[in-house]
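Single-structure report; data block below.
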Amino acid sequence: MASHTIRVGIAGYGNLGRGALAALARCPDMRPAGVFTRRDPASLRLPDPSVPVFSLDEAAARRDDIDVMILCGGSKDDLPAQGPALAGWFTTVDSYDTHARIPQYFEAVDAASRAGGNLSIIAVGWDPGLFSINRLMGEAILPAGATYTFWGKGLSQGHSDAIRRVPGVRAGVQYTIPVPEAVARVRAGEQPALTTREKHKRECYVVLEPGADAGQVEQAIVAMPDYFADYDTTVHFIDEAALARDHAGMPHGGFVIRSGRTEASENQVMEFSLKLDSNPAFTSSVLVAYARAAWRMKSAGETGARTVFDVAPGLLSPRSPEALRQALL
């Protein structure tokens with residue numbers, strides 16, 4: 001592999017942006033070339049003051065200084081616009097995770113990337129991302145079988161936001177938890193047909209506004225369509241000190257399990273799992289590894305959009321192919 005130090009831009013400086021900057025510090029073959037923000041650049045205080053901060057509006061003018069731009073905006077409002085816009089100027093990597101809209105997002109980014117002569121890898125992270133790869137491998141290797149994805153135990157940002165919108169709630173978090181009995185049945189090779197309620201439960205920790213009715217708040221949460229109504233949901237009421245002490249982190253994880261048969265009497269079970277103290281820090285680390293791959297693919301003349309299905313694993317590593325064959329094969 002070439003010895004060029006990959007110059008990486010970071011678009012957005014929330015949890016993902018901070019994690020990407022930290023991950024780059026662990027990669028000697030890469031360096032941060034700038035953070036791009038919609039906030040006043042002078043208002044950001046980075047851990048490394050030598051990293052420049054620019055307005056996101058200046059991004060296009062910096063295209064010659066950036067080899068890969070990691071897009072750290074949200075999937076709901078930021079990436080649908082930023083993804084195609086920045087793909088026209090940069091080779092990009094993003095963590096777009098609205099599963100149902102990935103095909104449309106891919107097409108928009110692909111058109112912009114090809115027009116700009118760039119390479120973009122979309123939907124990078126652990127789900128979509130690493131879990132997607134393991135679902136694909138399971139189906140390809142065990143075509144006679146069933147795939148199960150379990151999420152958690154982990155803090156769900158979307159469901160936590162939904163809790164905080166309930167009248168009477170001052171603050172709150174929600175954890176998604178796999179049902180142990182369901183996981184055990186799948187690991188045993190049963191291939192059960194599981195309902196939503198049978199696969200996961202939801203556990204909420206809520207701080208009430210003064211004078212709020214706990215019963216009304218609990219009912220509003222457990223009956224909320226699309227978020228809680230289809231699950232066994234438990235609501236715990238706690239004070240702000242307990243919330244700050246016990247629920248400040250962002251843990252997550254989960255399992256992808258493929259249960260299949262190679263003969264009528266032969267159960268085969270494949271499993272990939274993650275247990276994460278920090279969801280955004282891990283997701284950022286995945287983004288940085290794929291930024292390395294994106295630069296290598298672009299350097300080889302590739303353009304257009306890609307997903308994790310299209311990236312050879314060796315491209316993620318800083319090691320040469322020769323070193324990988326010797327050390328890891």
Side-chain angles (χ1 to χ4, degrees), residues 1 16 19-20 23 27 68 70-72 75 79 83 91-107 109-110 113 119-152 154 176 178 183 186-187 191 199-200 252-260 262 268-276 278-298 300 302 304-319 321 324-325 327-329:
M1 297 290 181
L16 276 182
C27 299
V68 184
I70 298 178
L71 312 187
C72 297
S75 296
L79 291 178
T91 286
T92 66
V93 177
D94 69 55
S95 60
Y96 186 80
D97 67 357
T98 306
H99 290 260
R101 297 195 61 81
I102 284 176
Q104 297 96 312
Y105 182 70
F106 180 94
E107 294 297 331
V109 173
D110 185 58
S113 297
L119 187 285
S120 295
I121 309 177
I122 72 157
V124 168
W126 58 275
D127 198 1
L130 303 184
F131 275 21
S132 311
I133 294 169
N134 282 274
R135 285 190 285 262
L136 182 153
M137 291 181 66
E139 290 188 8
I141 294 166
L142 295 173
T147 299
Y148 301 85
T149 302
F150 295 94
W151 296 278
T176 301
V183 176
V186 172
R187 284 175 172 159
Q191 297 183 35
K199 288 179 66 178
H200 295 92
H252 220 313
F255 316 85
V256 174
I257 304 173
R258 179 69 176 182
S259 176
T262 44
Q268 316 283 15
V269 179
M270 300 171 61
E271 180 171 340
F272 176 77
S273 67
L274 294 173
K275 184 177 181 181
L276 311 175
S278 171
N279 180 3
F282 183 81
T283 300
S284 301
S285 298
V286 181
L287 283 164
V288 167
Y290 275 87
R292 179 184 292 116
W295 175 78
R296 289 173 171 172
M297 294 165 75
K298 170 62 164 53
E302 295 190 44
R306 302 289 190 276
T307 73
V308 294
F309 297 143
D310 308 309
V311 181
L315 296 178
L316 304 176
S317 173
R319 303 198 206 189
L324 289 173
R325 287 192 292 271
L328 300 183
L329 199 58

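In this chain, residues are counted from 1 in sequence order.
- Taking all atoms of both residues into account, the shortest heavy-atom contact from Gly83 to Val109 is C-CG2, 4.1 Å.
- Counting all heavy atoms, side chain and backbone alike, Val93 lies closest to Ala294 at CG2-CB, 3.8 Å.
- Atoms CD and OG1, on Gln104 and Thr98 in that order, are 10.5 Å from each other to the nearest 0.5 Å.
- For the pair Cys27/Val288, a side-chain contact is recorded, criterion being any heavy-atom separation below 4.5 Å from C-beta on.
- The structure places CD1 of Ile133 at 8.5 Å from OG1 of Thr307, a figure rounded to the nearest 0.5 Å.
- In this structure, Ile121 CD1 and Glu302 CD are separated by 9.0 Å, a value rounded to the nearest 0.5 Å.
- For Thr176 (side chain) and Gly152 (main-chain N/O), no donor-acceptor pair under 3.5 Å exists by modelled atom type.
- Using a 4.5 Å heavy-atom cutoff, the side chains of Ser113 and Leu119 are not in contact.
- Using modelled atom types, one finds a donor on one side chain and an acceptor on the other under 3.5 Å when comparing Arg258 with Thr147.
- Shown are Phe131, Phe272, Tyr290; of these, the ring pair (Phe, Tyr, Trp, His ring centres under 6.0 Å) with Trp126 is made only by Phe131.
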For the pair Val124 and Tyr96, evaluate side chain to side chain contact (heavy atoms under 4.5 Å, CB included) and give the outcome as yes or no after the intermediate values. CA-CA 7 Å; Val124 168; Tyr96 186 80; over 6 Å; no

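- In this structure, Val311 and Met297 approach most closely via the heavy-atom pair CG2-SD, 4.0 Å.
- Rounded to the nearest 0.5 Å, atoms CG (Leu142) and CD (Gln268) are 6.5 Å apart.
- Cation-pi geometry between Lys199 and Tyr148 is not met at under 6.0 angstrom from the ring centre and within 45 degrees of the axis.
- Ser278 places a side-chain N or O within 3.5 Å of a backbone atom of Ala281 that can act as its donor or acceptor partner.
- With rounding to the nearest 0.5 angstrom, the OG1 atom of Thr92 is 10.0 Å from the CD1 atom of Ile70.
- Listed here is the closest heavy atom pair of Asp127 and His99: OD1-CE1, 3.3 Å.
- Remark: side-chain polar atoms of Ser317 are paired, donor with acceptor, to backbone N or O of Arg319 under 3.5 angstrom.
- Within a 6.0 Å sphere centred on CZ of Arg101, heavy atoms belonging to other residues, nucleotides or ligands number 12 at most.
- Here Trp151 and His200 bring their ring centres to under 6.0 angstrom of each other.
- Residues Tyr105 and Asp94 have side chains in contact (heavy-atom distance under 4.5 Å, counting atoms from C-beta outward).
- Within the 4.5 Å cutoff, the side chain of Leu316 has no heavy atoms near those of the Arg292 side chain.
- For the residue pair Arg135/Thr149, the side-chain donor-acceptor check at 3.5 Å is satisfied.
- Counting only heavy atoms from C-beta outward, the side chains of Phe282 and Leu274 approach each other to under 4.5 Å.
- Of all heavy-atom pairs between Ser75 and Ser95, the closest is OG-O, 3.7 Å.
- Here the CD1 atom belonging to Ile257 is positioned 11.5 Å from the CE atom belonging to Met270, to the nearest 0.5 angstrom.
- Considering every non-hydrogen atom in both Gly19 and Ser284, the closest pair reads C-CB, 3.3 Å.
- Side chains of Arg325 and Pro321 form a contact here, defined as non-hydrogen atoms less than 4.5 Å apart.
- Residues Ser120 and Arg306 have side chains not in contact (no heavy-atom distance under 4.5 Å, counting atoms from C-beta outward).
- Remark: side-chain polar atoms of Ser132 are paired, donor with acceptor, to backbone N or O of Gly129 under 3.5 angstrom.
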